[in-house]
Protein chains: 2
Amino acid sequence: MRLSGAFLPVTAHEREFIQDFRSNTLRIGAGKQIVREQVVTRRMFTLFSGWAFRFKTLSDGRRQILNFVLPGDMFGLQQQFADGATYGVEALTGAAVCVFPSNHLWDLYRAHPKVGYEVTWLAAREENMLDENLLTTGRRNAMERVAMLLIHLFKRAQRVGLVAEDNSFAFPLTQQHVSDALGLSLVHTNRTLRKLHQLGLHEIKDGRLHLLNPKALRRLADYADHPLQQVPLL
Amino acid sequence: MRLSGAFLPVTAHEREFIQDFRSNTLRIGAGKQIVREQVVTRRMFTLFSGWAFRFKTLSDGRRQILNFVLPGDMFGLQQQFADGATYGVEALTGAAVCVFPSNHLWDLYRAHPKVGYEVTWLAAREENMLDENLLTTGRRNAMERVAMLLIHLFKRAQRVGLVAEDNSFAFPLTQQHVSDALGLSLVHTNRTLRKLHQLGLHEIKDGRLHLLNPKALRRLADYADHPLQQVPLL
DNA sequence: CGTGGAGTTGACTTAAATCAAACGCAGTGG
DNA sequence: CCACTGCGTTTGATTTAAGTCAACTCCACG
């Protein structure tokens, strides 16, 4: 994964330390929960392969997807400091995760401040994504929301080398996931997706998403393009 | 501020270091911007006194308030790692902030991993709040949203000693702020606030918010109460 | 006094939710 | 081999929560 160009280089020494720190690697089946809501686990994860998402639910079952987790992304950090229930994480596809014992997180910082710095970096990056999602659910309308999600996931998939030469990539979300991520109803999400398709902006075929008119999508979503930047990888 | 009981104790040595690291203290007038959207500043802040809020805007002016900043809260960390524009921060009241030169953040981690660890802690805490806000704007209806905001701000004000014995506290938000935080229109926010008031759940008088029926508000918002926990303070 | 920001209210519109019913298709088991 | 099932998608009809437009009040302030 380090070879994809999306991540900062590490020294052999650092890599070795990270390997040590990692307690083990887990394989998760599609649709299985990696972190259960309400249950505080003292573990932290990095996604190795596959897709997952973080979510919260209200007591009557309404669900909000907080963000999607792609290879290289970290999650579970908050649990370390949480005073109680926080969020759940579910695998969208078969996935492999690295597990870190986060009860030793402080030891990590002491022994390898550099790695600690990088954890913070990743956390800050995720916070930026949450900010953007909040702007989306709070102030964008349905068309804009869907356009935003498509282009955002495209960019993220691209940075970790998941996008093919024809600008398409495996898209494991159901429309239910899309609606839960955007705060829309399933039906309305379908209609909106349909409308974007009819406008020729995208196409989903055989489980792959093709962006047919990225420029129009970007304009529609008022999406601010960020230059690709290397980030740390644990 | 350290005396309020909301924050973790620090050793004299640590405090001294934090003082050193701080470049200076700034006073901000109500309504003034502390961080301008689009402008990347290499600085980090801790709010000393007063209220502020983080926000993002779309190019046509629609604004989303991401979260409110209360004394002891840190902000600006993301800028350090940002590849471009992120968010703005505006003072709601007169405010005092500590400024840290965040281009030396890595030095900080190296010299004082403990402080680095605490920065991460604060970042994770803020991420939890953003998660909750996302659930609110994505899945709660107007009544639930407003109830959520009132009780959430109450709890946060309480933890830093801003709440008087009569369960009231100085409430510097206009209805415009409330609506921008919740993703509602101004008019609808007003009606909803009015309805909650008529139900006897709250009262805003002389710029102070009184929660008249916190239990009902909590039930309405499906608010999960967290035990008060001490957090670091920079 | 006049001006402008914040709050309030009524009338009306609309985007999105809800309800309900099909459809296509993959998997399964008789 | 094929009916049965269930999940994901699609579509139409209808309702509703929230947005929009517009006007008016109530201060605080110069």
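All values reported here derive from a predicted model rather than from experimental measurement. Per chain, numbering begins at 1; letters A, B, ... match sequence-line order. Note: hydrogens, waters and symmetry copies are ignored here, and every other heavy atom, side chains too, is used.
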Original post:
Using a heavy-atom distance cut-off of less than 4.0 Å, which residues of residues 187-197 of chain A contact DNA chain D?
Top reply: A:Val187, A:Asn190, A:Arg191, A:Arg194

**OP:** Assign B:Gly31 to base, sugar-phosphate, or nothing according to its heavy-atom contacts below 4.0 angstrom with the strands shown.
**Re:** nothing

Original post:
Per the side-chain contact (heavy atoms from CB on, under 4.5 Å) rule, which among B:Leu77, B:Val69, B:Val97, B:Ile28 passes with B:Phe45?
Top reply: B:Val97

**OP:** Can you sort out the partners of A:Phe154 under ring pair (Phe, Tyr, Trp, His ring centres under 6.0 Å), two or more places apart, ordered by chain and number?
**Re:** A:Phe169

**OP:** Check side-chain hydrogen bond (donor to acceptor under 3.5 Å, both in side chains) between A:Thr189 and all other residues, then give those that pass, not counting sequence neighbours.
**Re:** none

Subject >> A:Arg218: partners by salt bridge (charged side-chain N to carboxylate O under 4.0 Å, His left out), with sequence neighbours left out >> reply: none

Original post:
Using a heavy-atom distance cut-off of less than 4.0 Å, which residues of residues 169-179 of chain B contact DNA chain C?
Top reply: B:Thr174, B:Gln175

Original post:
Tell me the ring-ring contact (aromatic ring centres under 6.0 Å, His included) pairs involving residues 123-147 of chain B, sequence neighbours left out?
Top reply: none

**OP:** To the nearest 0.5 Å, tell me how far A:Ile151 CD1 sits from A:Leu220 CG.
**Re:** 9.5 Å

Original post:
Through what angle, rounded to 10 degrees, does the axis of the helix from C:dC1-D:dG30 to C:dG30-D:dC1 turn between its ends, using five pairs per end?
Top reply: 30°

Subject >> Residues forming a ring pair (Phe, Tyr, Trp, His ring centres under 6.0 Å) with B:His177, sequence neighbours excluded >> reply: B:Phe53

Original post:
What residues form a salt bridge (charged side-chain N to carboxylate O under 4.0 Å, His left out) with B:Glu132, not counting sequence neighbours?
Top reply: A:Lys56, B:Arg140

Original post:
D:dA18 P sits how many Å from B:Asp180 CG, rounded?
Top reply: 17 Å

Original post:
Partners of B:Ser185 by side chain to side chain contact (heavy atoms under 4.5 Å, CB included), sequence neighbours excluded?
Top reply: B:Val187, B:His188

Original post:
Which residues in residues 130-153 of chain A have at least one heavy atom lying under 4.0 Å from any atom of DNA chain C?
Top reply: A:Asn141, A:Ala142

Which protein N or O atoms sit under 3.5 Å from an N or O of nucleotides 23-30 of chain D?
none

